[in-house]
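Keep in mind that this is a model prediction, so the values were computed, not measured. Within every chain, numbering begins at 1; the chains are lettered A, B, ... in the order of the sequence lines, protein sequences first and strands thereafter.
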Amino acid sequence: MADELTKGFEPKDIEARWYAHWQANGVFAASDDPNDARPRYVLPMPLPNVTGSLHMGHAMMCTLEDVLTRAHRMMGFNTLYQPGTDHAGIATQVVVERQLKRDNVSRHDLGRDTFIERVWEWKAECGSRIVEQQQVLGLSADWQRSVFTMDAGYSRAVREAFVRLYHEGLIYRAKRLIYWDCAAQTVLSNLEVDSEEENGELFEFAYPVEDGGEIVVATTRPETMLGDSAVAIHPDDPRYTHLHGKFVVHPFVERRIPIVCDPILVDPTFGTGAVKVTPAHDFNDFETGKRHNLELIEILDSEGRINDHGGSFAGLERFEARKAVKRALDEKGLARGAKGHRLMIPRSQRTGTVVEPMLSTQWFVKTEPLAKPALEAVQTGKTVILPEEWTKTYEHWMTNILDWCISRQLWWGHRIPAWYCDACGHATVVNAEALSACEKCGSTSIKQDEDVLDTWFSSGLWPFATQGWPDKTPALERFYPASDLETGYDILFFWVARMMMMGIHFMGEPPFKRILLHSLVVDETGKKMSKVIGNVIDPLDLINGSDFENVVQKALPGAPLDEAMKKFKKAYPSTASMGAGFEAYGTDALRFTLCSYSPQSKRIPLSPKKIEGYRHFCNKIWNATRFALGYVEGATVGASAPAATLRINRWLLARLEDACVEAKKGIDDFRFDDATARLYHFFWGELCDWYLELTKPVFAGDDAEAKRETRDVLAYALEATLRALHPFIPFITEELWQRLPKPASSPVSIALARLPEAGVGRIDADAVREMTALQEVIGAVRTIRSEREVHPAAQVPVVLRVSEPTLRAVLEDDRRSLETLMKTSSLSLELPGGSRPEGAALSHAAGVEVLVLLKGIVDPAGEKARIERELKKAQKNVEALEKKLGAKGFADRAPPEVVKETEEQLQGYRERIRILDEARALAEEL
RNA sequence: AGGCGGGUAGCUCAGCGGCAGAGCGGCGGCCUUACAAGCCGUUGGUCGCAGGUUCGAUCCCUGUCCCGCCUACCA
């Protein structure tokens with residue numbers, strides 16, 4: 001540690017070292033001490049799947065959450081970032097089954113108990129990977145408290161919730177039309193189904209009418225006609241009036257099918273205006289069936305094969321059956337042709353297979369009574385959603401919520417605590433892992449429900465089940481409700497809404513004060529990251545660096561390298577200029593980048609170039625500190641800003657104050673883009689570009705008191721700035737902070753130091769105004785030098801003419817600063833109106849006439865062109881302002897200060913024109 | 001179809017009643033002893049279109065055209 005800083009910032013060297021330091025010192029641990037008087041900050045981590053590995057979405061989420069966590073810890077809160085992992089029912093089961101398949105074994109071969117053992121083994125092997133990756137990201141979660149949703153305690157909470165809701169009548173079992181995943185062999189909730197538009201066909205065929213004639217219907221799923229129990233027409237459709245009350249004959253099975261009139265289902269302008277009705281396999285038809293009391297004819301088994309109701313088609317797989325039905329209709333002369341048709345195909349999120357609406361007995365949560373208070377909590381502001389616009393989406397969803405199917409035909413998960421009695425048929429629902437007798441008749445011939453609960457049911461209990469609920473533990477008392485919940489907007493309904501409902505129901509108050517939502521991380525062109533498009537980026541490749549070959553193989557597994565490369569480069573145009581791969585940008589650069597995107601936009605187009613830019617920023621911080629370390633040894637750093645008399649020091653402390661206040665506001669408002677932008681600008685644009693440059697002449701000079709003051713201010717401001725930056729870039733700030741002089745009572749880690757807030761610096765309007773004038777004057781000289789192509793090292797005489805006494809004094813006072821930054825050995829201050837030096841370029845800034853003596857180096861034509869350009873600009877401004885001032889009603893209706901300000905602006909531009917006119921005359925003489 | 005959001009510099013996006021901003025890029029000049037992962041300067045905009053409210057509109061209102069996302073879908 002005592003060794004010197006390397007010339008450039010190398011993230012790899014420092015990250016692992018400091019994470020170990022934090023862990024060893026218990027920096028992340030929340031306090032259980034009942035006497036701890038600090039306010040609490042609790043943030044439940046959106047639990048990743050145990051099957052998962054870290055992707056960009058996690059990186060985004062984790063970064064924002066860790067910033068919130070670290071910032072609050074530094075604000076003096078007793079902070080709990082509650083980590084954990086989710087057993088992820090379907091996802092995990094699918095992964096392990098796939099593994100078994102390699103050995104040609106199915107889960108049924110193993111049996112339920114053995115299979116579950118296998119899943120646990122797998123979890124023990126691979127379940128910690130995502131946690132390790134989260135630690136690479138620097139997460140300051142309290143890992144000691146990590147919870148897995150299948151832990152014994154958590155499982156007990158899940159059963160308890162089920163049992164209570166059941167006895168309150170909020171959970172019921174019913175036969176309903178549900179979405180069925182034929183591959184995973186389970187029911188899915190409507191949220192686990194994604195519909196995409198795909199090409200299909202609209203197939204038309206005729207039903208013979210009983211008394212002769214026919215009626216033509218159209219369908220995209222011809223095989224479902226085996227389960228038809230009606231043909232519907234619109235009651236007012238004149239084409240079909242003669243068929244009212246008639247029947248058609250099913251061509252394949254012995255069945256008379258009624259023709260019904262239904263104005264809701266039938267749109268007479270679409271297709272033939274006649275619709276086949278299959279109540280057991282279509283949601284709309286199901287409703288129609290209820291209206292007309294139609295027969296429910298199931299034709300599919302759980303694997304998607306036609307069952308006995310399908311007559312001669314029985315046993316055929318559903319897509320085979322489709323072809324067979326079409327062929328058979330054709331043979332009977334009933335086919336009436338087909339046309340191409342775009343339609344929405346519902347697919348399982350997990351297995352990708354087309355899901356089938358099927359009738360099935362399942363467990364449901366009655367959502368309406370739970371949703372109402374969850375809606376009210378947001379409407380009354382007890383829970384706030386940020387960014388605000390999501391409130392409407394939440395309300396819309398909560399008011400249109402459907403009952404929630406919570407049973408799943410899986411083995412991996414929380415088994416439903418219901419036992420059915422063979423003797424009396426009663427269902428015993430109790431919080432137990434095993435049951436020996438029916439609670440009603442005492443029979444021991446009972447059987448537990450085979451199904452498990454939807455994963456979202458268990459994760460809906462997260463904010464309180466992690467703290468020991470249903471027991472009234474001290475942890476539950478202390479850490480419920482949580483403060484914030486941060487997550488992607490895509491699981492607002494899946495998860496957030498569920499936690500709101502469950503939290504309010506079981507705990508009596510909403511689980512969070514704020515719900516903070518971030519957007520989807522997409523590729524540079526705005527497309528969703530997917531292994532089909534080949535635009536997935538592993539965050540660790542950005543942190544550790546990686547050849548594009550490696551990156552691309554992960555993005556599009558199994559594809560030829562050049563094809564994958566082409567797709568990848570197309571998705572990330574900015575990589576074109578990046579050579580053979582990503583350099584090791586480090587965790588800090590990635591985190592800072594992710595924070596810099598506005599949470600309001602719906603997409604976050606990840607740009608590797610931008611990450612590179614923020615690695616440059618880290619390098620800048622590194623080098624600025626390296627510079628400062630050469631001067632700050634022995635500095636006295638106190639808890640508050642040191643006294644300052646020099647203008648540059650007063651100015652820096654004023655800017656520090658502003659930057660820290662703005663950054664804190666950004667954090668408070670969940671506007672990390674504002675916070676990072678302000679800190680970036682302060683550090684680079686103010687501290688480095690101006691302040692450090694201005695300290696150079698001071699440190700090179702021989703005014704001991706000025707040196708001492710500047711040393712103290714530099715050390716103080718840098719130390720404070722690192723603290724302000726720490727939540728965003730924890731590693732580099734810790735590394736540098738440890739090397740700087742700091743207050744005597746500083747903690748073992750910057751992570752435990754205070755976040756700078758109002759009062760860290762000092763408001764000093766005079767210093768800011770005066771420094772701004774200096775900056776403008778220096779800028780004017782630099783512009784002239786640059787446009788005249790004066791070599792940056794060349795010393796050129798400068799004359800400043802100013803009448804205003806205060807400003808004149810400031811310029812005189814900071815002569816040394818001006819000379820350094822203007823690169824002049826000969827600076828003279830004069831009153832306006834003196835003679836015109838030969839070969840002078842003239843400009844104007846902050847009320848000062850700026851003359852740069854360029855005789856011999858000047859290009860008269862270029863000089864004139866520049867002046868003309870500036871004159872034109874100034875004249876345009878004058879015209880605009882004159883028009884504004886002269887506009888009807890402006891003077892008497894606009895606020896006086898606005899009028900005054902406008903007049904002053906106009907004066908300024910007029911003055912500028914006067915000087916530029918002179919400059920033009922002067923240029924003529926060159 | 002309904003709901004929500006967006007159209008601002010070449011690109012990605014802030015700003016949302018009172019002189020149009022940032023980062024990246026472009027252009028010109030510099031290896032100036034913290035940093036070439038850098039320094040200095042500079043160029044980019046009828047703020048989607050049309051009306052309205054206002055002394056004043058990128059910002060508020062109405063209409064309109066595009067583009068996303070979500071929900072529900074026509075068998």
*Asks:* If you check every side-chain atom of A:Pro792, which of B:rA34, B:rC30, B:rG15 has the closest atom?
*Replies:*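 Taking heavy atoms from C-beta onward, the closest nucleotide is B:rC30.
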*Asks:* Quote, to the nearest angstrom, the P distance that separates B:rC11 from B:rC47.
*Replies:*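 B:rC11 and B:rC47 have their P atoms separated by 16 Å.
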*Asks:* Would you mind reading off the distance between A:Phe890 atom CZ and B:rC55 atom P, rounded to a whole angstrom?
*Replies:*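 To the nearest whole Å, that distance equals 12 Å.
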*Asks:* Measure from CG on A:Asp673 to P on B:rC16 and round the result to the nearest Å.
*Replies:*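 A:Asp673 atom CG is separated from B:rC16 atom P by 12 Å.
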*Asks:* Of the candidate nucleotides B:rC13, B:rC73, B:rA75, which contains the atom at the shortest distance from the side chain of A:Pro605?
*Replies:*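 Taking heavy atoms from C-beta onward, the closest nucleotide is B:rC13.
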*Asks:* Does A:Glu686 pair with A:Arg678 as a salt bridge, N-O distance under 4.0 Å?
*Replies:*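 Salt bridge present between A:Glu686 and A:Arg678.
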*Asks:* Establish, yes or no, whether the cationic atom of A:Lys696 lies under 6.0 Å from the six-membered ring centre of A:Phe627 and within 45° of the ring axis.
*Replies:*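 Satisfied, under 6.0 Å and within 45°.
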*Asks:* Looking only at the side chain of A:His791 (C-beta and beyond, no hydrogens), which of the listed nucleotides B:rC30, B:rC39, B:rC13 gets closest?
*Replies:*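 The answer is B:rC30.
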*Asks:* Looking only at side-chain N and O atoms, does A:Lys823 come under 4.0 Å of OP1 or OP2 in B:rG41?
*Replies:*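 It does not, given that no N or O in the side chain of A:Lys823 lies less than 4.0 Å from OP1 or OP2 of B:rG41.
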*Asks:* Taking the side chain of A:Thr219 as heavy atoms from C-beta outward, which of B:rA14, B:rG3, B:rA75 is closest to it?
*Replies:*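 So the nucleotide nearest the side chain must be B:rA75.
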*Asks:* Looking only at the side chains, is there a donor atom on one of A:Ser574 and A:Lys610 sitting less than 3.5 Å from an acceptor on the other?
*Replies:*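 On atom types as modelled, these side chains do not qualify, holding no pair under 3.5 Å.
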*Asks:* Look at A:Glu201 together with A:Arg322 and state whether they make a salt bridge at an N to O cut-off of under 4.0 Å.
*Replies:*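 No, A:Glu201 and A:Arg322 are not salt-bridged.
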*Asks:* Given that both distances must come in under 3.5 Å, which nucleotide forms a Watson-Crick or G-U wobble pair with B:rG44?
*Replies:*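 Matched B:rG44 with nothing under the 3.5 Å cut-off.
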*Asks:* What integer distance in Å separates A:Asn284:CG from B:rC74:P?
*Replies:*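 These atoms are roughly 4 Å apart.
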*Asks:* Does A:Thr695 reach the side chain of A:Tyr631, with side-chain heavy atoms less than 4.5 Å apart?
*Replies:*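 They are not in side-chain contact.
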*Asks:* Looking at A:Glu693 and B:rA34, is any side-chain donor or acceptor paired with a base atom of the opposite kind under 3.5 Å?
*Replies:*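 Side chain to base: pair found, below 3.5 Å.
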*Asks:* Can you classify the ring geometry of A:Phe617 versus A:Phe683 as parallel (below 30°), tilted (30 to 60°) or perpendicular (above 60°)?
*Replies:*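 Correct class here is perpendicular.
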*Asks:* Using the C1' atom on both, measure B:rG45 against B:rG10 and round to a whole Å.
*Replies:*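 Taking atom C1' in both B:rG45 and B:rG10, they lie 11 Å apart.
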*Asks:* May I ask you to evaluate whether A:Thr783 reaches the phosphate of B:rU42, defined as a side-chain N or O under 4.0 Å from OP1 or OP2?
*Replies:*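 So the side-chain polar atoms of A:Thr783 do come within 4.0 Å of the phosphate oxygens OP1 or OP2 of B:rU42, strictly under.
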*Asks:* When the P atoms of B:rC65 and B:rC19 are considered, how many whole Å apart are they?
*Replies:*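 Result for the P pair: 33 Å, nearest Å.
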*Asks:* Assign A:Glu395 to base, sugar-phosphate, or nothing according to its heavy-atom contacts below 4.0 angstrom with the strands shown.
*Replies:*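 The answer is nothing, as A:Glu395 stays clear of every strand by at least 4.0 Å.
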*Asks:* With C1' as the reference atom in both, quote the distance from B:rA20 to B:rC31 in angstrom, rounded to an integer.
*Replies:*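 Nearest-Å result for B:rA20 against B:rC31 at atom C1': 37 Å.
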*Asks:* Mind telling me whether B:rG44 is syn or anti, cutoff 90° either side of 0?
*Replies:*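 Syn for B:rG44; the angle stays within 90° of 0.
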*Asks:* So what's B:rG5 paired with, Watson-Crick or G-U wobble, going by both distances under 3.5 Å?
*Replies:*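 When the pairing criteria are applied, B:rC67 turns out to be the nucleotide that pairs with B:rG5.
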*Asks:* Which part of the nucleic acid does A:Leu520 contact within heavy-atom distance under 4.0 Å: base, sugar-phosphate only, or nothing?
*Replies:*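 Since no nucleic acid heavy atom lies under 4.0 Å of A:Leu520, the category is nothing.
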*Asks:* Between B:rC55, B:rC30, B:rG15, which nucleotide gets closest to the side-chain atoms of A:Ala894?
*Replies:*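 Nearest to the side chain of A:Ala894 among the choices is B:rC55.
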*Asks:* For B:rU58 versus B:rC49, give the span between their C1' atoms, rounded off to a whole number of Å.
*Replies:*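 So the two C1' atoms sit 14 Å from each other.
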*Asks:* Taking only the side-chain heavy atoms of A:Phe270 (C-beta and beyond), determine which of B:rC13, B:rG5, B:rA75 contains the nearest atom.
*Replies:*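 Nearest listed nucleotide: B:rA75.
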*Asks:* Please work out if A:Lys610 contacts a base, only the sugar-phosphate, or nothing of the nucleic acid, heavy-atom cut-off 4.0 Å.
*Replies:*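 Nothing, no heavy atom under 4.0 Å.
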*Asks:* With a non-hydrogen cut-off below 4.0 angstrom, is A:Tyr597 in contact with a base, only sugar-phosphate, or nothing?
*Replies:*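 It contacts nothing in the nucleic acid.
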*Asks:* Can you tell me the distance, in whole Å, between the CG atom of A:Leu694 and the P atom of B:rC40?
*Replies:*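 Nearest whole value for this atom pair: 12 Å.
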*Asks:* Does A:Arg239 reach the main-chain N or O of A:Pro268 with its side chain, forming a donor-acceptor pair under 3.5 Å?
*Replies:*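 Checking the backbone N and O of A:Pro268 against the side chain of A:Arg239, a donor-acceptor pair under 3.5 Å is found.
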*Asks:* Start with the C-alpha gap between A:Glu287 and A:Arg291, add the side-chain angles, then the distance that decides, and say whether salt bridge (charged side-chain N to carboxylate O under 4.0 Å, His left out) holds.
*Replies:* CA-CA 6 Å; A:Glu287 293 302 317; A:Arg291 288 194 292 272; 5.3 Å; no
*Asks:* Using a cut-off of 4.0 Å on non-hydrogen atoms, how would the nucleic acid contact of A:Lys696 be classed: base, sugar-phosphate, or nothing?
*Replies:*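 Base contact.
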*Asks:* The side chain of A:Lys620 is closest to which nucleotide in this list: B:rC31, B:rC13, B:rC35?
*Replies:*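 Comparing B:rC31, B:rC13, B:rC35 against the side chain of A:Lys620, the answer is B:rC35.
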*Asks:* Distance check: side-chain N/O of A:Arg782 vs OP1/OP2 of B:rG41, anything under 4.0 Å?
*Replies:*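 Affirmative; the distance criterion is met.
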*Asks:* Using a 4.0 Å heavy-atom cut-off across all strands, classify A:Arg671 as base, sugar-phosphate, or nothing.
*Replies:*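 Sugar-phosphate only.
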*Asks:* Mind checking if A:Cys618 touches a base, just sugar-phosphate, or nothing, with heavy atoms under 4.0 Å?
*Replies:*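 Since no nucleic acid heavy atom lies under 4.0 Å of A:Cys618, the category is nothing.
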*Asks:* Side chain of A:Arg626 only, heavy atoms from C-beta on: which candidate in B:rC35, B:rG25, B:rG41 is closest?
*Replies:*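 Selected nucleotide: B:rC35.
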*Asks:* Remember a base hit wins even if backbone is also touched, and classify A:Tyr909 as base, sugar-phosphate or nothing at under 4.0 Å, heavy atoms.
*Replies:*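 Base, at least one base atom sits under 4.0 Å.
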*Asks:* Is the shortest side-chain N/O distance from A:Ser607 to OP1 or OP2 of B:rU12 below 4.0 Å?
*Replies:*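 No, outside the criterion.
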*Asks:* Which base sits across from B:rC30 as a Watson-Crick or G-U pair, both distances under 3.5 Å?
*Replies:*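 Here B:rC30 is engaged in a pair, and the nucleotide opposite it is B:rG38.
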*Asks:* Whether A:Trp397 contacts B:rG2 is assessed here as follows: a side-chain N or O lying under 4.0 Å from the phosphate OP1 or OP2. Is that the case?
*Replies:*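 Checking A:Trp397 against B:rG2: no side-chain N or O falls below 4.0 Å of OP1 or OP2.
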*Asks:* For B:rG23, give the paired nucleotide (Watson-Crick: N1-N3 plus N6-O4 or O6-N4; G-U: N1-O2 and O6-N3; both under 3.5 Å), or none.
*Replies:*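 B:rG23 is paired, partner B:rC11.
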*Asks:* So for A:Thr902 and B:rG18, does any side-chain atom that can act as donor or acceptor lie under 3.5 Å from a complementary atom in the base?
*Replies:*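 Side chain to base: no pair below 3.5 Å.
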*Asks:* Is there a Watson-Crick or G-U wobble partner for B:rC73 with both distances under 3.5 Å, and which nucleotide is it?
*Replies:*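 Pairing partner, where one exists within any strand: none, as none qualifies.
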*Asks:* State, without any angle test, whether A:Asp673 and A:Ser596 hold a side-chain donor-acceptor pair at a distance under 3.5 Å.
*Replies:*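 There is no such pair (donor and acceptor under 3.5 Å, judged by atom type) between the side chains of A:Asp673 and A:Ser596.
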*Asks:* Counting side-chain heavy atoms from C-beta on, which of B:rC40, B:rG18, B:rA37 comes nearest to A:Asn619?
*Replies:*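 Nearest nucleotide to the side chain: B:rA37.
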*Asks:* Given the P atoms of B:rC61 and B:rG7, what is the spacing between them in whole Å?
*Replies:*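 So the two P atoms sit 14 Å from each other.
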*Asks:* How would you label the contact of A:Pro573 with the nucleic acid (heavy atoms, under 4.0 Å): base, sugar-phosphate, or nothing?
*Replies:*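 Answer is nothing: A:Pro573 stays at 4.0 Å or more from every strand.
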*Asks:* When we call it a touch if two heavy atoms are under 4.0 Å apart, what does A:Asp689 touch: a base, just sugar-phosphate, or nothing?
*Replies:*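 Sugar-phosphate, no base atom in range.
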*Asks:* In whole Å, measure the gap between the P atoms of B:rC39 and B:rA50 for me.
*Replies:*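 The same atom, P, in both gives a distance of 42 Å.
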*Asks:* Could you tell me the separation between the CZ atom of A:Phe9 and the P atom of B:rG38, rounded to a whole number of Å?
*Replies:*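 It works out to 14 Å between those atoms.
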*Asks:* When we call it a touch if two heavy atoms are under 4.0 Å apart, what does A:Ala793 touch: a base, just sugar-phosphate, or nothing?
*Replies:*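 No contact.
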*Asks:* Round to the nearest Å and state the distance from A:Tyr394 atom OH to B:rC70 atom P.
*Replies:*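 Checked: the OH to P distance equals 20 Å.
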*Asks:* Contact class for A:Leu629 vs. all strands (heavy atom < 4.0 Å): base, sugar-phosphate, or nothing?
*Replies:*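 The answer is nothing, as A:Leu629 stays clear of every strand by at least 4.0 Å.
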*Asks:* Choosing from B:rG23, B:rA37, B:rA14, which nucleotide comes nearest the side chain of A:His616?
*Replies:*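 That would be B:rA37.
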*Asks:* Find the distance A:Phe617:CZ to B:rA36:C1' and express it as a whole number of Å.
*Replies:*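 Distance check: A:Phe617 CZ to B:rA36 C1' gives 19 Å.
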*Asks:* I need the CG-C1' distance between A:Leu202 and B:rC73, as an integer number of Å.
*Replies:*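 Rounded to the whole Å, the gap is 14 Å.
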*Asks:* For B:rA57 versus B:rG28, give the span between their P atoms, rounded off to a whole number of Å.
*Replies:*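 These two P atoms come out 40 Å apart once rounded.
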*Asks:* Parallel, tilted or perpendicular: which describes the rings of A:Trp397 and A:Phe493, with under 30° parallel and over 60° perpendicular?
*Replies:*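 It falls in the parallel class, under 30°.
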